Peer 1: 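I have a structure here, written as structure tokens, and I will follow up with some questions on it.
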Amino acid sequence: MFSQEKYLKALNYAARVHDEQKTPQGLPYLTHLTSVAMEMIHACEEGNVKLEDADFAITVALLHDVLEDTDVTIGELIEEFGEEVASGVEALSKDPTIESKKQQMADSINRLLTQNYAVQSVKLADRISNLQKPPQDWDNEKIYNYFQESKFILSCLKNANPFLSKRLEDKINNYRIYIK
Ligand SMILES: [Mn+2]
């Protein structure tokens, strides 16, 4: 259903550049990346996605945070994985020159809407992966804002993939239990 070699290439690259980075829960960052890739693999299977498209979507999933969270440049990404993957990862990255977090998200969503559905789907998969039990240091306001932001992401990108949209909708509903 997808190329194991391409999966390994992206996984090894992400492992190298994310290095010691941890998730907000304190786990190795690769657990986040592979969980996003897992969501994409499942969605590709459910949606009978063509082999080539699945390779692209899964590669972007494994690399989706390298521009935002590491020193990797867009040029390096183009060289290693080509224009299309690099452009997808760029659209999935927040622009740090924009001041407010809310504006950063709106800007990223606007750029995602110019990308194909595969790239948009990675954003759905990313939020599915992130809607686990909130980290202990998050206060109620932060949890509530994350809940609202997740609804915003779903409303903007729901057409990208019906399977992931439904899954994100369920995750958002379940996340309500963390709001006091
Ligand atoms: Mn992510």
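Along the sequence shown, residues are numbered consecutively beginning with 1. Whatever order the structure lists ligands and atoms in, that order sets their numbers, starting from 1. Since this is a predicted model, take the numbers as computed values, not measurements. Values reported hereafter were calculated over all heavy atoms of this structure, with side chains retained and with hydrogens, waters and symmetry mates removed.
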Peer 1: I'd like to know if the side chain of Ser129 pairs up with that of Glu39 as donor and acceptor (distance under 3.5 Å, no hydrogens or angles considered).
Peer 2: no
Peer 1: Just by distance, with hydrogens left out, do His18 and Thr70 show a side-chain donor and acceptor under 3.5 Å apart?
Peer 2: no
Peer 1: I need the single residue from Asp126, Val119, Asp69 that forms a side chain to side chain contact (heavy atoms under 4.5 Å, CB included) with His64. Which is it?
Peer 2: Asp126
Peer 1: Checking ring-ring contact (aromatic ring centres under 6.0 Å, His included) for the pair Phe81/Tyr13: CA distance, chi angles, key distance, verdict?
Peer 2: CA-CA 10 Å; Phe81 295 97; Tyr13 186 91; 5.1 Å; yes
Peer 1: Closer than 2.8 Å to the Mn ion (ligand 1), which protein N, O or S atoms?
Peer 2: His32 NE2, His64 NE2, Asp65 OD2, Asp126 OD1
Peer 1: Can you confirm whether Ser165 sits close enough to Leu154 that some side-chain heavy atom of one is under 4.5 Å from a side-chain heavy atom of the other?
Peer 2: yes
Peer 1: Which of parallel (below 30°), tilted (30 to 60°) and perpendicular (above 60°) describes His42 and Phe163?
Peer 2: parallel
